[in-house]
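Chain identifiers are assigned alphabetically (A, B, ...) following the order of the sequence lines, protein sequences preceding nucleic acid strands; residue numbering begins at 1 within each chain. As the structure is a prediction and not an experimental result, all values here were calculated from the model.
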Amino acid sequence: MGKFFITTPVYYVNDVPHLGHAYTTIAADTLSRYRRLLGDEVFFLTGTDEHGSKILQAARQKNISPQKLADEMTARFKNLWEKLSISYSDFIRTTDQKHIKVVQNVFSRLHEKGDIYKGKYSGWYCVPCESFWLESQLKDKKFCPECKRETVKLEEDSYFFSLSKYQKPLLDYYNENPDFVLPSTRKNEVVEFVKRGLRDISVTRLNLEWGIPCPVDEQHSIYVWVDALINYISALGYSLEEERFFTFWPADVHLVGKDILKFHAIIWPALLMAIGIKLPGMVFAHGWWMIKGEKMSKSRKNVVEPEWIIDRFGSDYLRYFLLREVPFGEDGNFSPALFVKRVNSDLANDLGNLLNRTLTLVVKHFQAKVPRPGKINAQDDELKGKIDSLPDNLQNFMDRLSFSQAFDSIWEVVRGANLYLDRCAPWRLVKKGETERMGSVLYNVLEIIRILTVVLFPFIPRGAEKMWKQLGMEDILSEQKLKDAVKWGKLPFALEVKKPEPVFPRIKEEDFYEVERET
RNA sequence: GGCGGCGUAGCUCAGCUGGAAAGAGCACACGGCUCAUACCCGUGGAGUCCGGGGUUCGAAUCCCCGCGCCGCUACCA
């Protein structure tokens with residue numbers, strides 16, 4: 001039983017929450033819930049990144065203050081997390097006073113240490129957009145990629161972080177901690193990148209109104225990464241509440257999308273080395289969801305709105321699909337057909353129906369009371385054997401964030417239970433008058449379902465709660481601990497089960513399109 | 001261009017450091033069951049394991065060449 005600190009990125013509030021945000025956050029939530037199930041003290045951090053000229057501009061267009069805009073967007077994120085049953089411990093905003101203070105403290109420390117120095121930043125500046133671009137980003141080598149107008153080469157004062165100093169220490173760290181960056185193919189990319197040499201990075205901007213003031217030079221504001229990344233330690237009170245900070249730091253897992261991996265795997269550890277605190281245990285970069293093989297994007301108008309899906313099908317279906325369909329780390333394809341297929345065959349047909357058919361028999365033949373188990377035979381042992389190996393399997397897969405494989409191991413049990421029911425055929429036993437054996441069989445299946453429910457809770461919390469209630473369990477599901485829960489025989493006999501009602505109703509592809517047409 | 005990865009049943013993919021008759025899920029076909037959310041259970045399929053060469057007693061698994069895909073190659077979160 002230890003502590004477990006997991007984070008999502010702080011999401012940039014220039015965009016409404018989309019499937020990608022939901023994906024990262026669902027994964028983090030599932031991992032958090034799983035660690036709680038193991039008995040760990042979990043700190044699960046998410047939040048929003050609210051500074052920058054993009055936000056300022058968007059706010060101006062709407063004629064509201066940037067803070068107001070950020071407030072609105074943050075509310076949307078929180079609302080989505082509520083709908084998705086996201087059990088975060090803290091929601092950090094980069095506009096929080098605490099965060100601002102910590103960023104400034106960190107900046108000052110870096111400055112004192114000599115890891116930040118004043119230099120000249122030069123780039124291609126678009127006056128109307130008030131933003132700098134790299135030569136590689138320009139359209140036809142001189143036009144702004146956003147507004148297509150001509151840019152000018154501009155040089156201005158800026159403070160730099162000596163990232164280059166950390167090339168060697170970073171390479172050593174990757175070497176000594178092979179699981180620091182995962183999946184391994186991403187790690188290769190990062191290592192290769194660092195090997196080619198690192199340039200110092202500009203960490204302040206002049207004339208950036210909507211940003212954290214630089215503590216050593218009032219004309220400057222702190223630019224993106226030193227602001228955003230520090231959320232991971234500001235939320236814990238770094239430099240403010242040391243005791244609390246050291247309770248949870250270092251982070252065990254930083255979950256990120258593959259697009260921001262390098263910031264987390266290179267700049268972030270370098271910053272931490274510079275201020276002299278421990279490095280996180282793991283940075284895991286997951287993949288993207290594609291539509292018909294294409295990346296989702298607003299311009300392609302193929303964005304999947306997580307809220308539509310949740311409102312129509314419930315949060316569990318989305319959680320289940322995203323974590324089950326594709327190995328975490330790889331890109332996946334999202335389509336109504338795939339979604340419907342996955343959810344129907346696994347949740348409705350295999351799992352939901354297992355509960356349903358079992359409860360029906362108990363209600364019909366045992367007055368809805370959990371029967372008393374009798375003698376155990378070889379078939380029963382085989383069934384129980386499937387539970388014995390489950391915790392270890394889960395542990396192995398969850399340690400590697402292999403959600404899909406974790407599901408595989410759970411579904412082996414689900415299938416095993418359906419098979420056991422068919423083999424034992426209690427509906428035939430009742431005709432033969434073998435009620436005692438029938439009772440045993442049903443008890444065993446109910447017991448399997450009880451354990452499955454506990455194990456599934458981190459993944460599909462709402463459905464698991466419903467299953468728990470139908471079983472008639474009175475303990476609190478969220479307080480169950482895996483170690484105890486998997487012990488055989490914890491289901492009290494004579495417990496009154498509920499009349500079954502489909503927990504995971506089947507859905508149709510048409511339902512999906514109706515939703516999309518409406519909007 | 002450089003570095004890395006991938007190419008296995010109709011589809012999505014497991015097959016790690018070489019060795020039993022090449023696997024899973026889905027789809028499909030046939031059969032069983034009837035407790036159940038038209039569910040569940042069983043059986044089946046002629047797969048050049050991208051192509052070619054090599055190492056080996058033996059390769060999907062190692063080496064070389066070729067073909068076809070894909071990722072990374074920094075300051076946009």
Nearest whole angstrom, please: distance from the [atom2] of [N] to the [atom1] of [X].
| X | N | atom1 | atom2 | result |
| --- | --- | --- | --- | --- |
| A:Phe321 | B:rU12 | CZ | C1' | 11 Å |
| A:Arg400 | B:rC16 | CZ | P | 13 Å |
| A:Asp259 | B:rU73 | CG | P | 11 Å |
| A:Lys258 | B:rU73 | NZ | C1' | 15 Å |
| A:Leu355 | B:rC35 | CG | C1' | 13 Å |
| A:Leu271 | B:rA74 | CG | P | 19 Å |
| A:Leu359 | B:rU37 | CG | C1' | 13 Å |

Ionic contact status for [Y] with [X], cut-off 4.0 Å:
| X | Y | answer |
| --- | --- | --- |
| A:Glu209 | A:Arg60 | yes |
| A:Arg437 | A:Asp380 | yes |
| A:Glu447 | A:Arg450 | yes |

When we call it a touch if two heavy atoms are under 4.0 Å apart, what does [X] touch: a base, just sugar-phosphate, or nothing?
| X | result |
| --- | --- |
| A:Asn356 | base |
| A:Gly287 | nothing |
| A:Ile266 | nothing |
| A:Asn188 | sugar-phosphate |
| A:Val13 | nothing |

Quiz prompt | Heavy-atom side-chain proximity of A:Pro269 to A:Tyr173 below 4.5 angstrom | solution =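 No, every pair of side-chain atoms sits at 4.5 Å or beyond.
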Partner of [N] by Watson-Crick or G-U wobble geometry, both contacts under 3.5 Å, or none?
| N | answer |
| --- | --- |
| B:rC75 | none |
| B:rG44 | B:rC28 |
| B:rU55 | none |
| B:rA36 | none |
| B:rA20 | none |

Nearest-angstrom distance, [atom1] atom, [N] to [M]:
| N | M | atom1 | answer |
| --- | --- | --- | --- |
| B:rG4 | B:rC41 | C1' | 45 Å |
| B:rG54 | B:rU61 | P | 14 Å |
| B:rC33 | B:rA38 | C1' | 14 Å |
| B:rC40 | B:rA27 | P | 9 Å |
| B:rC63 | B:rC26 | P | 35 Å |
| B:rC16 | B:rC50 | P | 13 Å |
| B:rC62 | B:rG19 | C1' | 14 Å |
| B:rG47 | B:rA60 | P | 14 Å |

Show the distances under 3.5 angstrom between N or O atoms of the protein and N or O atoms of nucleotides 61-63 of chain B.
none

Practice problem: Take A:Val106 and A:Ile233 through the side chain to side chain contact (heavy atoms under 4.5 Å, CB included) test and state the conclusion after the steps. | Solution: CA-CA 10 Å; A:Val106 169; A:Ile233 57 176; 4.2 Å; yes
Report yes if the distance between the aromatic ring centroids of [X] and [Y] is under 6.0 Å, otherwise no.
| X | Y | result |
| --- | --- | --- |
| A:Trp268 | A:Tyr232 | yes |
| A:Phe91 | A:Phe77 | no |
| A:Tyr320 | A:Phe504 | no |
| A:Phe107 | A:Phe161 | no |

Quiz prompt | Distance-only side-chain donor-acceptor flag, A:Tyr11 / A:Thr25, under 3.5 Å | solution =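 Yes, A:Thr25 and A:Tyr11 have a side-chain donor paired with an acceptor closer than 3.5 Å.
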Quiz item: With a distance cut-off below 6.0 Å to the six-membered ring centre and an angular limit of 45° from the axis, does A:Arg342 pair with A:Phe321 as a cation-pi contact?
Solution: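 The answer is no; the distance or angle limit is not met.
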Practice problem: Please test A:Arg324 against A:Asp408 for side chain to side chain contact (heavy atoms under 4.5 Å, CB included), starting from the C-alpha separation and ending with a verdict. | Solution: CA-CA 8 Å; A:Arg324 174 63 238 253; A:Asp408 276 336; 3.1 Å; yes
Among the candidates [options], find the nucleotide nearest to the side-chain atoms of [X].
| X | options | result |
| --- | --- | --- |
| A:Leu419 | B:rA74, B:rG42, B:rA36 | B:rG42 |
| A:Ile201 | B:rA74, B:rA77, B:rG71 | B:rA74 |
| A:Pro502 | B:rU37, B:rG4, B:rC39 | B:rU37 |

Self-check item: Any donor-acceptor pair under 3.5 Å from A:Asn231 side chain to A:Ala228 backbone
Solution: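 Yes; judged by distance alone, with no hydrogens or angles, the pair exists.
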Quiz item: Do the side chain of A:Asp200 and the main chain of A:Ser164 share a donor and acceptor less than 3.5 angstrom apart?
Solution: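 Yes, the answer is positive, given that a donor and an acceptor are paired below the 3.5 Å cut-off.
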Any side-chain N or O of [X] less than 4.0 Å from the OP1 or OP2 oxygen of [N]?
| X | N | result |
| --- | --- | --- |
| A:Lys187 | B:rG4 | no |
| A:Asn418 | B:rC39 | no |
| A:Lys195 | B:rU73 | no |
| A:Arg196 | B:rU73 | no |
| A:Tyr223 | B:rA77 | yes |

Quiz item: Near RNA chain B, under 4.0 Å by heavy atom, which residues of residues 423-440 of chain A?
Solution: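 Result for residues 423-440 of chain A: A:Trp427, A:Arg428, sorted by number.
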Practice problem: Go through A:Val181 and A:His264 one step at a time and tell me if the side chain to side chain contact (heavy atoms under 4.5 Å, CB included) criterion holds. | Solution: CA-CA 9 Å; A:Val181 181; A:His264 286 79; over 6 Å; no
Quiz item: Quick one: what's the B/S/- string for nucleotides 23-32 of chain B, heavy-atom cutoff under 4.0 Å, read 5' to 3'?
Solution: --SSS-----
